[in-house]
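To start, the structure itself, in structure tokens.
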Amino acid sequence: MANTISPLFGHNGAPLSESADTARATLAGMLAVRQFEEAVDSLFARGLMHGTMHLSIGQEASAIGACAALEQTDFITSTHRGHGHCIGKGADLTRMMAELLAKQTGYCRGRGGSMHIADASTGNLGANGIVAGGIPIAAGAALAQKMKGTDRVVMCFFGDGATNEGAFHEAVNLAAIWDLPVIFVCENNKYGMSFSTEKSMKVEHIADRAAAYGIPGITVEGNDADAVYAACNDAVLRARAGHGPTLVENITYRWKGHSKSDKNLYRTKEEIEDWKHKDPIVKFENRVIELGVLTREECDAIAADIREKIRASISEATTAPDSDPAELLASVYRAIEGGN
Amino acid sequence: MAEEQMNFRKSIPAAIAAEMRLNPNIILLGEDVGAAGGVFKTSLGLFEEFGPERVLDTPISEQAIIGAAIGSAAQGLRPIAELMFADFAGVTFDQIANQLAKYRYMSAGQYKLPVTVRLANGVGGGFAAQHSQSAENWFLNIPGLKIVTPSTPNDMYGLLRSAIVDDNPVLVFEHKGLFNVKGDISNERIPLGVAQVVTRGTDLTIVATQLMRHRSVEAAEILNSRGISVEVIDPRTLVPFDDATIRESLSNTSRLLVVQEGPAGGSWGSDLITRTMSDSWSLFDAPPRLISSPSTPVPYAANLENAWLPSVDKIVHAATELTSY
């Protein structure tokens, strides 16, 4: 049985906090990302999950607010810090959990893990373990939409660090000159691993870089789901209308280290605490309660419902069969012995 | 179908056009592939026939070229990406090695990538170190890619057509030293992974690709006139590799000489010798030999470039030694 959070698709452009339905979906999405990652963090700490992972706790408004601007039939490319993008596009939480637990029922049957979840059924073209590696691929997927004459768009997620990679510049330029339907969503969480954006670039805003390619660039308060949605919705409409790409920069912050090996030696506890006060989930909850759109009890009920979904994802995934060594050779090539 | 004479260079756009006429999802993209007809004139006429929507000139952005091919292939197109000089694969190594080759595997087969990458390979007349390499060897250690190395106009034509219709990423290396070689074209696809026995012989098996295949055939004629009967085999594709044909030949000749352009380290020639020795030790009457280029970058000066490439003389000499072992 599917275990998803039913993302918001085809919304009309009004703020997400304005109606009960959209507020519910947005809150559920952000809580699902938060709780999924808290759960895998704990599984990892207890030695029940191996490998590595990159958590986006603190950045949930960026993934969920951006995906809310998409239609179900649109596409995303994601990053090493991609659980939020998967969930925002409607991935099944149990299949995600199963992939991280290296199970046969995972999205990639244990071949990918946290960094490589792809889900063709929801238009997720795949997360990517190489910084900026997915950006040229997003341009290609958008080229196909343009050639086939669809009105589908590709939302391409990447971090601040990716914008110092050559692949970013090549791909954004290509998408710009061909007016491809891409939305470049930069999740600027202030650090590329340990190196701060203040030190790694001379421009004040990553969105300023859009000017170099002759496309619009906008800097957004990335912990505000309404603001992220508004900017991405404009960019999606523009792309869908055939006017080409936009660079949206969501300013946000990751509470956890870059990966499991990061001890946060390059930033202060005070800075991390300061950003925890800008929690995107608390911010959104407070807003919808203040607006009278949802009550505190309703918000708590959504959180309890998500907790149940995450719990179910763990119990179901844990009991699934492990990845099958008999299938080791499968999926390298298509249509050869051992392939499929 | 009727055969026609064509040179290697012209067989390339002929093959592309033949497949593009059959499938509207096939596109060609790369630097100067449009109105210019390609730096090596290997896309001449395609822009005129198929228009700017299917023959796309790109900026000098090799990562974007391969990335665009990957993304559009995942979305149902069948792109042919031209990288001009094979050496430029170095500029987009991530997109080929980490993205293109692994995309299908990492997604457990959710996506297929019918991408053809075309690269002009090898020593071709004074292009020097960054425009002359045998780059096919760079990719041997990356599962997920197929590697095609044609030697004749017919192989170029037929293998390129098969690469385009293959559902996997295929790298097609077009040797710059062979562009003006003429030959008959049968207008058929040639399956990947089937070696060609170029000359029949009983004393020695020579395995060689591309320019070295032609030099090996020349050497075989000289050796024949001296009473040494040589079987020259052109594997035509390095991945998949037709080991069975080599083994069958060895069971008659018991002697193996591999001739390869490019340094020996980590190359298909070294790999073939290791594999054959492990699998078919009992077939050998003499230790196998590899003739390769020295471990230096490709030099510019004509006399140095000539010295760098394995010569017909060198092949004849090594073959004579091997057969008198």
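In what follows, every chain begins at residue 1, and chains take the letters A, B, ... in the order their sequences are listed.
- With a 6.0 Å radius and a threshold of 12 heavy atoms from other residues, nucleotides or ligands, B:E48 has its CD atom above the threshold.
- Heavy atoms of A:Q145 lying under 4.5 Å from chain B belong exclusively to its side chain.
- Within a 6.0 Å sphere centred on CG of B:L22, heavy atoms belonging to other residues, nucleotides or ligands number more than 12.
- Both the backbone and the side chain of A:A167 have a heavy atom closer than 4.5 Å to some heavy atom of chain B.
- Closest approach of A:N173 and B:P59 over heavy atoms only: ND2-CG, 3.8 Å.
- Note that OG1 of A:T150 and CD of B:Q75 are 8.0 Å apart. Values are rounded to the nearest 0.5 Å.
- For A:K146, no part lies near chain B; criterion is any non-hydrogen pair under 4.5 Å.
- For B:I27, the part sitting under 4.5 Å from any heavy atom of chain A is the side chain, from C-beta outward, and nothing else.
- Listed here is the closest heavy atom pair of A:R109 and B:A108: NH1-O, 3.6 Å.
- Under the 3.5 Å distance criterion, the side-chain polar atoms of B:Q63 are left unmatched by any main-chain donor or acceptor of A:F168.
- Here B:L56 is the residue among B:T92, B:L56, B:V91 with the most heavy-atom pairs under 4.5 Å with chain A.
- No more than 12 heavy atoms of other residues, nucleotides or ligands sit less than 6.0 Å from atom CD of A:Q72.
- Summarising the geometry of A:R334 relative to B:N168, their closest heavy-atom pair is N-OD1, 2.6 Å, with the distance given to 0.1 Å.
- For chain A, the nearby part of B:V239 is the side chain; its heavy atoms alone come within less than 4.5 Å.
- In this structure, A:R111 CZ and B:M106 CE are separated by 12.5 Å, a value rounded to the nearest 0.5 Å.
- Ranked by heavy-atom pairs under 4.5 Å with chain B, the first of A:A139, A:A171, A:G133 is A:G133.
- Contact annotation for B:E53: only backbone heavy atoms (N, CA, C, O) come within less than 4.5 Å of a heavy atom of chain A.
- Between A:Y333 and B:K146 the shortest side-chain heavy-atom distance falls below 4.5 Å.
- The local environment of CD in B:Q196 is crowded, with over 12 non-hydrogen atoms from other residues, nucleotides or ligands closer than 6.0 Å.
- Scanning all heavy atoms of the two residues, the minimum distance from A:A118 to B:Y111 falls at CB-CE1, 4.1 Å.
- With rounding to the nearest 0.5 angstrom, the OG atom of B:S107 is 12.5 Å from the CD1 atom of A:I117.
- Summarising the geometry, atom CD1 belonging to A:I177 is positioned 7.5 Å from atom OG belonging to B:S61; distances are rounded to the nearest 0.5 Å.
- By the 4.5 Å heavy-atom criterion applied to side chains, B:R104 and A:V332 are not counted as neighbours.
- Residues B:K102 and A:H116 have side chains not in contact (no heavy-atom distance under 4.5 Å, counting atoms from C-beta outward).
- Contacts with chain B were tallied for A:V154, A:I135, A:D119; A:D119 has the most, counting heavy-atom pairs under 4.5 Å.
- The shortest distance between side-chain heavy atoms of B:Y103 and A:L125 falls below 4.5 Å.
- Closest of all the heavy-atom pairs between A:I137 and B:Q99 is CD1-OE1, 3.7 Å.
- Looking at A:L180, neither its backbone nor its side chain comes within 4.5 Å of chain B, counting heavy atoms on both sides.
- Note on A:P136, A:S121, A:G166: by heavy-atom pairs under 4.5 Å with chain B, the leading option is A:P136.
- Residue A:E170 holds its CD atom at 9.5 Å from OG1 of B:T58, rounded to the nearest 0.5 Å.
- The nearest pair of heavy atoms linking B:L77 to A:M147 is CD1-SD, 3.6 Å.
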